Amino acid sequence: MKGLLLPWLVGNSPQGPYQMTSKLALSKQLGLFPSFTKSDNSNLMCQTCTRAISPLSLYQMEGPKLPSHNDSTQHHHKTPSSMAKPISIEVYNPNGKYRVVSTKSMPGTRWINLLIEQDCRVEICTQKKTILSVEDIIALIGDKCDGVIGQLTEDWGETLFAALSRAGGKAFSNMAVGYNNVDVNAANKHGVAVGNTPGVLTETTAELAASLSLAAARRIVEADQFMRAGLYDGWLPHLFVGNLLKGQTVGVIGAGRIGSAYARMMVEGFKMNLIYYDLYQSTRLEKFVTAYGEFLKANGEQPVTWKRAASMDEVLREADVISLHPILDKTTYHLINKESLATMKKEAILVNCSRGPVVDEVALVEHLKQNPMFRVGLDVFEDEPYMKPGLADMKNAVVVPHIASASKWTREGMATLAALNVLGKIKGYPVWGDPNRVAPFLNENAPPPAASPSIVNAKALGLPVSKL
Ligand SMILES: NC(=O)C1=CN([C@@H]2O[C@H](COP(=O)(O)OP(=O)(O)OC[C@H]3O[C@@H](n4cnc5c(N)ncnc54)[C@H](O)[C@@H]3O)[C@@H](O)[C@H]2O)C=CC1
Ligand SMILES: O=C(O)C(=O)CO
């Protein structure tokens, strides 16, 4: 079915125009014809509201097989009956037994296929609004909903878990590894499983942190703006002088999956020494740096070194480039503040690809103003989507809009893992034993294991663990 998948209903709003974009093959296979007649201009006309559906070319009807049905549950003008306010959706497999809602369109089609193959009706919110409110999501959940795939921008707390539970839902997955937007206790209270998507975004996110480190070190954005402004009038010894990374020290705060991947990139790619701080020892990372150091030594080069710091301050004092990769919780909120910034070297580089509130952004703006040689690379912001006043004016800051996981492979994989988390709970599958071993779920040439890849509250809910 790969490549054939198109929604059978698309609309901007329940009152707005709809386009039939279903593939006939899929629709025939699933028996999904809504009630339409042909209008004079060859557009399709809904028999209920007489609205024209265009363009017909998107939906190649075959002569006598014009669609006809009278199943009101498949009517496209409304999402489920109890919704307080209409919200536009795309529907796949309307006759599916389980109703799964995705609050956003997500990359790829595999995640949709996997759900519909397992008898799910998939509804994707197409509302033109980047961040959905709790009210919007309650409307999407409606009266009956078996599971929801949501986004890190949404506030998944008591209100939403209560609404999902009332609708019969027992499964939610964030399309993200970080789940600081989710009140897991509220989910536990309502018996809702909470999924996340670790592993598939580790390298992609680490690569963006490495990119921001380089962009800041070599002043790439400033130099780009200078060129475009037509200011370049010839090579100069002082023009955009930045920092050499080789032989310097990279500091990692939070050496989990992403922090460790970033550390390896910086150590191996730029021959930097490593200092890291984490609540846990990262033996694999230490072994990697040791082995690489020995390799360099055997080749007559200066070996790289590693050190596990006893405190975060030790990292801040010693490192030339510091990258933040902890989770966001009470212990990491404003981990970087006025005092910790003052501990750092005047020419240090700070990178944040974790969560905005790990850094006190007001203090950061002030520090950037006072220390023009101090530079930052930021993917995340304290009040996303906004930046604190003054940050946008700072030449010593490189800022990008929370794109660290934005590679095609990763985003499609995140969608797949999120869908499988929800599907697994709906089908009563056990939880995968090792949430870091995601490859079996991402293999497009084999069916995924019958398990939920990563459920963060599996223990609290007493869910069984897969023996696979
Ligand atoms: N900017 C983006 O697009 C992305 C951001 N993220 C963020 O990165 C975070 C980390 O992701 P992973 O590496 O997969 O998670 P992980 O759980 O493997 O790593 C987090 C590490 O932080 C450490 N940690 C926790 N509290 C700490 C503290 N107080 N001080 C120092 N270390 C502490 C943990 O021990 C753990 O090793 C996510 O929770 C998410 O918020 C993740 C993916 C993409
Ligand atoms: O997965 C996450 O936590 C993100 O921030 C999205 O990439």
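Keep in mind it's a predicted model, so treat the numbers as computed, not measured. Whatever order the structure lists ligands and atoms in, that order sets their numbers, starting from 1.
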Show the short N or O contacts, below 3.5 Å, that ligand 1 makes with protein N or O atoms; if there are none, say 'none'.
residue: ligand 1; atom: 1 (N); partner: C353; partner atom: O; Å: 3.0
residue: ligand 1; atom: 1 (N); partner: D379; partner atom: OD2; Å: 2.7
residue: ligand 1; atom: 3 (O); partner: H402; partner atom: NE2; Å: 3.2
residue: ligand 1; atom: 13 (O); partner: R257; partner atom: N; Å: 3.4
residue: ligand 1; atom: 13 (O); partner: I258; partner atom: N; Å: 2.9
residue: ligand 1; atom: 14 (O); partner: R257; partner atom: NE; Å: 2.9
residue: ligand 1; atom: 14 (O); partner: R257; partner atom: NH2; Å: 3.3
residue: ligand 1; atom: 15 (O); partner: R257; partner atom: NH2; Å: 3.4
residue: ligand 1; atom: 18 (O); partner: R257; partner atom: N; Å: 2.9
residue: ligand 1; atom: 18 (O); partner: R257; partner atom: NE; Å: 3.4
residue: ligand 1; atom: 29 (N); partner: T331; partner atom: OG1; Å: 3.1
residue: ligand 1; atom: 35 (O); partner: D278; partner atom: OD1; Å: 2.6
residue: ligand 1; atom: 37 (O); partner: G256; partner atom: N; Å: 3.4
residue: ligand 1; atom: 37 (O); partner: D278; partner atom: OD1; Å: 3.4
residue: ligand 1; atom: 37 (O); partner: D278; partner atom: OD2; Å: 2.7
residue: ligand 1; atom: 41 (O); partner: R355; partner atom: NH1; Å: 3.4

(message) Test ring-ring contact (aromatic ring centres under 6.0 Å, His included) on F161 and W156; report intermediate values, then the result.
(response) CA-CA 7 Å; F161 285 117; W156 278 86; 5.4 Å; yes

(message) Does the plane of the ring in Y262 sit parallel, tilted or perpendicular to the ring in H325? Use 30° and 60° as the thresholds.
(response) tilted

(request) Could you tell me whether T205 approaches ligand 2 through its side chain, its backbone, both or neither, with non-hydrogen atoms closer than 4.0 Å? (result) neither

(message) I need the minimum non-hydrogen distance between P357 and L328, along with the two atoms involved.
(response) CG-CD2, 3.8 Å

(request) Give the residue, atom name and distance (to 0.1 Å) of the protein heavy atom nearest atom 1 (O) of ligand 2. (result) V177 N, 2.8 Å

(message) Within the 3.5 Å criterion, strictly below it, is a donor on E123 or S102 matched to an acceptor on the partner's side chain?
(response) no

(request) Report yes or no: does T343 contribute a side-chain atom to a donor-acceptor pair with the main-chain N or O of E339 at less than 3.5 Å? (result) yes

(request) Using a strict 4.0 Å threshold on nitrogen-to-oxygen distance, state whether D360 and K338 make a salt bridge. (result) no

(message) Looking at E318 and K345, is there a salt bridge between them, counting it only when a charged N and a carboxylate O are closer than 4.0 Å?
(response) no

(request) Identify, by atom number and element, the atoms of ligand 2 in contact range of S405, meaning under 4.0 Å from any of its heavy atoms. (result) 6 (C), 7 (O)

(message) So if I apply the side-chain contact (heavy atoms from CB on, under 4.5 Å) rule between C353 and each of D379, L378, L324, I403, which one comes out positive?
(response) D379

(request) Below 4.0 angstrom from a heavy atom of L201, which ligand 2 atoms are there? Numbered from 1 as shown, please. (result) 1 (O)

(message) Within ligand 2, which atoms have a heavy atom of L152 less than 4.0 Å away?
(response) 4 (C), 5 (O), 6 (C)

(request) Quick one: closest heavy-atom pair of R308 and D278, and the distance? (result) NH2-O, 3.3 Å

(message) Quick check on contacts: which atoms of ligand 2 are under 4.0 angstrom from a heavy atom of R355?
(response) 2 (C), 3 (O), 4 (C), 5 (O)

(request) Check whether any N or O atom of R411, backbone or side chain, sits under 3.5 Å from an N or O atom of ligand 2, and answer yes or no. (result) no

(request) Would you check whether M175 reaches within less than 4.0 Å of ligand 2, judged by its heavy atoms? (result) no

(message) Taking E203 first and then R264, would you say they form a salt bridge - that is, a charged N and a carboxylate O separated by under 4.0 Å?
(response) yes

(message) Salt bridge or not between E382 and R355? Use side-chain N to carboxylate O under 4.0 Å.
(response) no

(message) At less than 4.0 angstrom from any non-hydrogen atom of G178, what atoms of ligand 2 do you find?
(response) 1 (O), 2 (C), 3 (O)

(request) Any atoms of ligand 2 less than 4.0 Å from a non-hydrogen atom of A176? List them with their elements. (result) 1 (O), 2 (C), 3 (O)

(request) Check whether any N or O atom of T197, backbone or side chain, sits under 3.5 Å from an N or O atom of ligand 2, and answer yes or no. (result) no

